[in-house]
Amino acid sequence: MKDSSKLGINTICVHTGEVKDEQYRGAVSPMYMSTSYAFDGVDVKRYPRYFNTPNQEMLCKKIAALENTEDGLIFSSGMAAISAAMFAFLKTGDHVIIQQVIYGGTFNLIVSEFEKYGIEYSFTESDNASDFKSLIKENTKILYIETPSNPLLGITDIDAIASLGKENGIITMIDNTFASPINQNPADFGIDIILHSATKYMGGHSDISAGAIAGSNEYIAQIWKTAINFGGNLSDQTVWLLERSLKTLNLRVKEQTKNAQEMAEYLEHHKNIERVYYPGLNSHPQHDLARRQMKGFGAMLSFELEEGINAMDFQNALKLIKPSMSLAGLESTTVSPMQTTHALLSAQERLDRGIKDGLIRFSVGIEEPKDLIKDIEQAIKSLQ
């Protein structure tokens, strides 16, 4: 049953986790830039690397409220959050099961670093829960998923993975970046630890780098013990900017999600587009699953142009939509995964994951869809 006492999502975005300005009663949180605080006669010994300066501490409450968890932590990047979460629970001899198609940075962390510490890992053949189950060993400690996945927008059954983890005493983690807390709350399905590149939808303005973790008090406390050693804390100026951005999270993401649905439907019926990857389309193989576990289908999609149209030439011909490295800003952007997010994978590794060199990932912004469509049309026409 829904908790009727819980604040509405826009109210959480605006008010939860505010730093109260007791001195001047300003409408927004004051910014505490100090790196040195009193240590004697205080309840909390504050230090930036300990994630407990006033702005850090309060923003963590907003992150937790958005993801329906007890606690949260914020970091200097999504990869800082992911690495801290992973290494907080792993030691030599442990085993991790990872979804096959994941963000390239996460993949590179695993294949480049885990063997150094004697940590075993297995990648699934697909995003089906049965693939995870078949790989479980006595030393398996983590099941790691990403849904929707980057860049093919695959959907993993969150409930099934959470249940599998609980049945076997294994911690479950999810990268929830593409969905954002607006479109998906994995804790409601029983996932233990939720991860975000807060650079993306949480930041939303393409001007900050940050990461976030949400989970139970117990799990966040354990991650904190590792995180303070890694030193991935966020500066308080950026913390303040992230809080500012989160105030409009629901408004931004809902508009972007609505636009993405319209753009996906347009692209799917375009004669020069071979394939569109978007969970909001009836043609998506996991559309029904996405409907069950998502509140909205997100603002990310990918597509492949017909043979004969070069993906990079097409992106360079765009005038409104920006070819750009990152995603989830107010502005619409495209990127070639083979040159950016998945550049560290070999050509064969990308093909094994269904990522063709001509694949274009499209982050839909808040512009009017008619203007985005006009831009795509002129770009294609200029190359014919």
Side-chain angles (χ1 to χ4, degrees), residues 3 6 9 12-13 16-17 50-52 56-91 94 96-99 102-103 106 109 132 140-147 156 158-202 210-230 232-234 239 242-243 246 249 293:
D3 181 3
K6 184 181 176 183
I9 188 64
I12 290 172
C13 287
T16 300
Y50 285 6
F51 301 88
N52 64 359
Q56 287 177 303
E57 182 180 357
M58 295 306 293
L59 182 56
C60 289
K61 296 181 186 301
K62 190 187 294 287
I63 299 293
L66 286 167
E67 281 292 14
N68 298 334
T69 62
E70 293 177 333
D71 204 355
L73 281 175
I74 48 174
F75 293 79
S76 56
S77 70
M79 285 310 303
I82 290 168
S83 57
M86 289 275 205
F87 285 109
F89 297 99
L90 296 172
K91 64 181 185 307
D94 287 343
V96 186
I97 302 174
I98 309 103
Q99 180 178 311
I102 57 169
Y103 170 56
T106 307
L109 166 71
F132 286 83
T140 302
K141 294 296 187 294
I142 293 173
L143 304 180
Y144 187 97
I145 64 173
E146 179 183 304
T147 182
T156 303
I158 299 174
D159 185 58
I161 295 298
S163 297
L164 188 62
K166 285 177 170 47
E167 289 165 8
N168 293 274
I170 301 170
I171 294 169
T172 51
M173 296 185 182
I174 184 173
D175 185 333
N176 201 35
T177 299
F178 267 27
S180 89
I182 303 306
N183 286 321
Q184 186 169 270
N185 294 121
D188 294 350
F189 296 89
I191 294 292
D192 296 313
I193 295 164
I194 299 101
L195 302 153
H196 287 273
S197 171
T199 308
K200 312 304 190 298
Y201 288 106
M202 287 186 175
I213 301 178
S216 67
N217 289 327
E218 178 185 355
Y219 283 138
I220 293 298
Q222 185 161 343
I223 294 169
W224 178 84
K225 291 176 183 176
T226 295
I228 61 172
N229 296 324
F230 284 4
N233 61 287
L234 197 56
V239 170
L242 182 53
E243 189 210 342
L246 285 169
L249 178 66
Q293 65 189 32

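When reading the values below, keep in mind they use all heavy atoms of this one structure, side chains included, and skip hydrogens, waters and symmetry mates. Note that this is a predicted model, so its numbers are computed, not measured.
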* Asked: Can you find a heavy atom in the side chain of Leu109 that is under 4.5 Å from one in the side chain of Phe87?
  -> yes

* Not counting sequence neighbours, which residues clear side-chain hydrogen bond (donor to acceptor under 3.5 Å, both in side chains) with Asn183? List them please. => Thr257

* To do: Could you pull out all residues at least two apart from Asp188 that satisfy side-chain hydrogen bond (donor to acceptor under 3.5 Å, both in side chains)?
  => Asn68

* Asked: side-chain contact (heavy atoms from CB on, under 4.5 Å) with Thr156: which residues, sequence neighbours excluded?
  -> Gln99, Asp127, Ile145, Thr147, Ile161

* Asked: Can you list the residues that meet the side-chain hydrogen bond (donor to acceptor under 3.5 Å, both in side chains) rule with Asp71, with sequence neighbours excluded?
  -> none

* Asked: Would you say the side chain of Ser180 lies within less than 4.5 Å of the side chain of Lys200, judging by non-hydrogen atoms?
  -> no

* For the pair Ile97 and Ile170, evaluate side chain to side chain contact (heavy atoms under 4.5 Å, CB included) and give the outcome as yes or no after the intermediate values. => CA-CA 10 Å; Ile97 302 174; Ile170 301 170; 5.9 Å; no

* To do: Rounded to the nearest 0.5 Å, what's the gap from CG on Leu73 to CG on Asn233? Could you check?
  => 11.0 Å

* Asp159 and Gln293: side-chain donor and acceptor closer than 3.5 Å? -> no

* To do: Apply the test side chain to side chain contact (heavy atoms under 4.5 Å, CB included) to residues Thr69 and Ile194: give CA-CA distance (whole Å), side-chain angles for both, the deciding distance (0.1 Å), then the verdict.
  => CA-CA 9 Å; Thr69 62; Ile194 299 101; 3.9 Å; yes

* Asked: Which residue pairs satisfy the ring-ring contact (aromatic ring centres under 6.0 Å, His included) criterion with at least one member in residues 160-180, sequence neighbours excluded?
  -> none

* **Set of ring-ring contact (aromatic ring centres under 6.0 Å, His included) partners for Phe75, sequence neighbours left out** => Phe51

* **Heavy-atom side-chain proximity of Leu242 to Val239 below 4.5 angstrom** => no

* To do: Sort and list the pairs that fulfil side chain to side chain donor-acceptor pair (under 3.5 Å) and have at least one residue in residues 164-173, not counting sequence neighbours.
  => Thr172-Asp192

* Check: Ile142 and Met86 side chains under 4.5 Å, non-hydrogen atoms -> yes

* Please examine the side chains of Tyr103 and Met79, heavy atoms only from C-beta on, and report whether any two atoms are closer than 4.5 Å. => yes

* **Ile182 side chain reached by Tyr201 side chain, heavy atoms, under 4.5 Å** => no

* **Counterpart residues, side-chain contact (heavy atoms from CB on, under 4.5 Å), relative to Asp94 (two or more places apart)** => Leu90, Lys91, Lys141

* To do: To the nearest 0.5 angstrom, please state how far the CD1 atom of Ile174 sits from the CD atom of Gln184.
  => 5.0 Å

* Which pairs count as side chain to side chain donor-acceptor pair (under 3.5 Å) when at least one residue sits in residues 72-86, sequence neighbours excluded? -> none

For residues 56-65, run the donor-acceptor check on the side chains, cut-off 3.5 Å, and write out each pair with its distance to 0.1 Å, sequence neighbours left out.
{"from": "Gln56", "atom 1": "OE1", "to": "Asn52", "atom 2": "N", "distance (Å)": "3.3"}
{"from": "Gln56", "atom 1": "OE1", "to": "Thr53", "atom 2": "N", "distance (Å)": "3.2"}
{"from": "Gln56", "atom 1": "OE1", "to": "Thr53", "atom 2": "OG1", "distance (Å)": "2.8"}
{"from": "Gln56", "atom 1": "NE2", "to": "Pro48", "atom 2": "O", "distance (Å)": "3.3"}
{"from": "Glu57", "atom 1": "OE1", "to": "Arg46", "atom 2": "NH1", "distance (Å)": "2.6"}
{"from": "Glu57", "atom 1": "OE1", "to": "Arg46", "atom 2": "NH2", "distance (Å)": "3.2"}
{"from": "Lys62", "atom 1": "NZ", "to": "Ile12", "atom 2": "O", "distance (Å)": "3.4"}
{"from": "Lys62", "atom 1": "NZ", "to": "Cys13", "atom 2": "O", "distance (Å)": "2.7"}
{"from": "Lys62", "atom 1": "NZ", "to": "Thr16", "atom 2": "O", "distance (Å)": "2.5"}

* Structure fact -> By salt bridge (charged side-chain N to carboxylate O under 4.0 Å, His left out), Lys225 pairs with (sequence neighbours left out) none

* **Side-chain heavy-atom pair Ile82, Ile213 within 4.5 angstrom cut-off** => no

* Asked: Around Tyr50, counting heavy atoms of other residues, nucleotides and ligands shown, do more than 12 lie under 6.0 Å from its OH?
  -> no

* Rounded distance [0.5 Å steps], CZ in Phe132 versus CG in Leu164 -> 8.5 Å

* Asked: From Glu67 CD over to Leu195 CG, what is the distance, rounded to the nearest 0.5 angstrom?
  -> 10.0 Å

* With Phe189, which residues qualify under ring-ring contact (aromatic ring centres under 6.0 Å, His included), at least two apart? -> none

* To do: Check the pair Thr226 / Phe89 against side chain to side chain contact (heavy atoms under 4.5 Å, CB included), numbers first and verdict last.
  => CA-CA 9 Å; Thr226 295; Phe89 297 99; over 6 Å; no

